[in-house]
Every structure is written in C-alpha cells, then in structure tokens.
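In what follows, a single structure is set out as structure tokens and then discussed.
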Amino acid sequence: MNAVESVRRVAVVTGAGSGIGRSVALELARSGWSVAAAGRRVEALEETAALADATAELLCVRTDVTDPEDVAALFAAVRDRFGRLDLLFNNAGTFGPAGVRFEELTYDAWRSVVDVNLTGAFLCAQAAFRQMKEQTPQGGRIINNGSISAHVPRPHSAPYTATKHALTGLTKSLSLDGRAYSIACGQIDIGNAATEMTAAMQQGILQANGELAAEPVMDAADVARTVRHMAELPLEANVQFATVMATKMPYIGRG
C-alpha cells in the first residue's frame, strides 16, 4: 500500500523515539501506514514525527510499556483515532547494565530488563491481540523484535539474552494462539544495526575470548525495510523468523 491509497493500514511501533523503532515508524509512514509511535520520552517521539513526510499520519503516544495502564491507554488511543489495528511492532527494549558479571548482577538490574523486554512485550502483544480479535475484519500481525541474542549470547548479557530467548517462545505461542483469529506473529532477529544502543560496537566490544574488538554495523533503514516487507504480506502468509545482520559481524563462525 502506498501513500496515495485512501485506506491506510494502522501500526503501533513501541520504542519509536530512537533507533530501530524510529526507522520502522518512518518507513511505515512513508509507505502509507498510519502509525502510532509509542515511547517513554515525548520529546524523542516528537523528533521522530518531525522527520516524517508532510503527508504522513503519525500519532505520538507517551507510553511506558511496563505499565499496564499506559499500555491500555495506548491501544485505546489507537482505536479511538484510527478505528482498527493491523500491526504491532513490539520493539521497546533495553540492554541493561553494561559489563556487569553475572555473579555481580543485582536483582533490580535483572528485573528492570525483564520488565521492559519481556513483560512489556507481553502487555503490548496481549492488548494488540485482543483488539485484532474483536475488530472487523478480524485479524492483524504482531512482529516481535528479537535479537541475535535470541540465538547466542554475548559476555555478561544474561538478562538481555534470557529475555530475547523468552521472546522467541512468546512469538511461537502467539503464532499458534492467533491462528483462529487471523492473527499472524513473526520475529525479526537483528544483529549490529547502527543505533544509539550499539554505538560502542564500532569502538570496541568484549568478545567471547576476552578481547575487545570493533564490530561492523549496518544501516537501521535496512532493518526497517525488512519489517515493512513482513508487515505488508497478506495474513495468509507469515515470515515466522527473519535474521537481519551486518554481513561481517562475528556471529556465523563463533566458537
């Protein structure tokens, strides 16, 4: 669907104030989607909106995905403004504390990552699922942002890696439970997209052998185009899992 078509599909993108979320929100908006950009920082969401084309329909909704009331308000705002929901890109996430050894990890640090990466994804997916089930025509699509860490860990990354593995389980469960309601669910596992969160990778990041090494990155726009491809498939088709990574990053061949 492009911007000149009269009927716009509707997407919610969480973590839309920066990085992958911003790139995906802008890519969808450029392609004729109505987009609800959700995130904790209103200023960052407004910066995303300012980058959109003049013809874009982009609604900024301040949302803490760990707060059930915030999540309910987000999806109510989408229903009130657009009338339906075709896509949730479940993107909000955090790495958690950098460089903290597992035995030194605090409960609060663990819980903060789990709350955002897993519980937040659950809350948003559940709200989207309910809305997609109840709307007419029924159905929609949920795309979860996994990670290369859903397959292999980095050193000192237990909270992040554990939650990304858990997201894979959530993706599979939603795929199964959504079949009866034409709700498709897939996952995109991203490796080394150039964002604020991955800036350190280009300077030097800890490797499994204990050395520091700079790692190649890729343009976040390449990820956004992949998400749009997944999103614009008919509901009879689904990309269950996609891996998009910097070609030369140290993933294939580890060990």
Side-chain angles (χ1 to χ4, degrees), residues 14-24 39-41 44 65-66 89-121 143-172 186-227 230 239-255:
T14 65
S18 63
I20 297 296
R22 173 175 285 176
S23 292
V24 170
R40 290 178 300 169
R41 297 175 295 141
V65 298
T66 70
F89 181 45
N90 230 346
N91 168 71
T94 179
F95 282 146
V100 177
R101 295 180 181 275
F102 180 75
E103 66 274 20
E104 298 170 354
L105 190 69
T106 66
Y107 171 79
D108 287 343
W110 168 270
R111 182 63 183 269
S112 68
V113 178
V114 172
D115 284 350
V116 175
N117 293 5
L118 183 56
T119 303
I143 300 174
N144 292 324
N145 185 349
S147 170
I148 294 294
S149 292
H151 304 271
V152 293
R154 288 186 179 277
H156 309 156
S157 68
Y160 185 77
T161 299
T163 55
K164 293 304 183 178
H165 274 70
L167 266 183
T168 299
L170 180 64
T171 298
K172 292 179 179 179
Q187 179 171 312
I188 183 167
D189 296 326
I190 302 165
N192 288 19
T195 68
E196 297 91 331
M197 289 180 68
T198 61
M201 291 180 181
Q202 299 175 69
Q203 306 302 318
I205 190 168
L206 185 65
Q207 305 295 304
N209 64 2
E211 297 178 356
L212 293 176
E215 294 189 10
V217 297
M218 62 177 172
D219 194 326
D222 296 324
V223 177
R225 284 190 291 271
T226 304
V227 172
M230 296 169 69
V239 175
Q240 187 66 67
F241 294 99
T243 301
V244 183
M245 53 179 271
T247 304
K248 296 182 179 181
M249 70 172 289
Y251 167 51
I252 301 300
R254 286 185 183 178

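These values consider heavy atoms only, across backbone and side chains, with no hydrogens, waters or symmetry-generated copies. Here the structure is a predicted model, which is why all the values come from computation and not from measurement.
- Between L105 and P97, the closest side-chain pair of non-hydrogen atoms falls below 4.5 Å.
- Applying the salt bridge (Lys or Arg N to Asp or Glu O under 4.0 Å) test to pairs two or more places apart or on separate chains, none has a residue in residues 89-107.
- Atom NE2 in H151 sits 6.5 Å away from atom OG1 in T168 (nearest 0.5 Å).
- Taking the side chain as every heavy atom from C-beta outward, L212 and L206 approach each other to under 4.5 Å.
- The structure places CD1 of I188 at 8.5 Å from OG1 of T243, a figure rounded to the nearest 0.5 Å.
- Residue pairs that meet the salt bridge (Lys or Arg N to Asp or Glu O under 4.0 Å) test with at least one member in residues 108-120, sequence neighbours left out, are R111-D115.
- To the nearest 0.5 Å, atom CE of residue M218 and atom OG1 of residue T195 are 9.5 Å apart.
- Taking CG of L170 as the start and CG of N144 as the end, the distance is 5.5 Å to the nearest 0.5 Å.
- In terms of heavy atoms, N91 sits closest to G15 at ND2-O, 3.3 Å.
- Looking at heavy atoms from C-beta onward, I143 lies in side-chain contact with V227 at the 4.5 angstrom threshold.
- Of the inter-residue distances, the one linking L118 atom CG with H165 atom NE2 reads 13.0 Å to the nearest 0.5 angstrom.
- The distance from atom CD of E215 to atom CD of Q207, rounded to the nearest 0.5 Å, is 4.5 Å.
- With hydrogens and angles ignored, the 3.5 Å screen pairs no side-chain donor or acceptor of S157 with any backbone N or O of P153.
- The shortest heavy-atom contact between G146 and L167 is CA-CD1, 4.4 Å.
- Distance alone, capped at 3.5 Å, is enough to place a donor-acceptor pair between the T14 side chain and the A92 backbone.
- Looking at T161, its side chain never comes within 3.5 Å of a backbone N or O of A158 through a donor-acceptor pair.
- Put simply, the side chain of N192 gets close to the backbone of P216: a donor and an acceptor are under 3.5 Å apart.
- Heavy-atom minimum distance, Q187 versus M230: O-CE, 4.0 Å.
- Minimum heavy-atom separation, D189 to S147: OD1-N, 3.1 Å.
- The nearest pair of heavy atoms linking T94 to S112 is CG2-O, 4.4 Å.
- Contact between A121 and N117 at its shortest, heavy atoms only, is CB-O, 3.5 Å.
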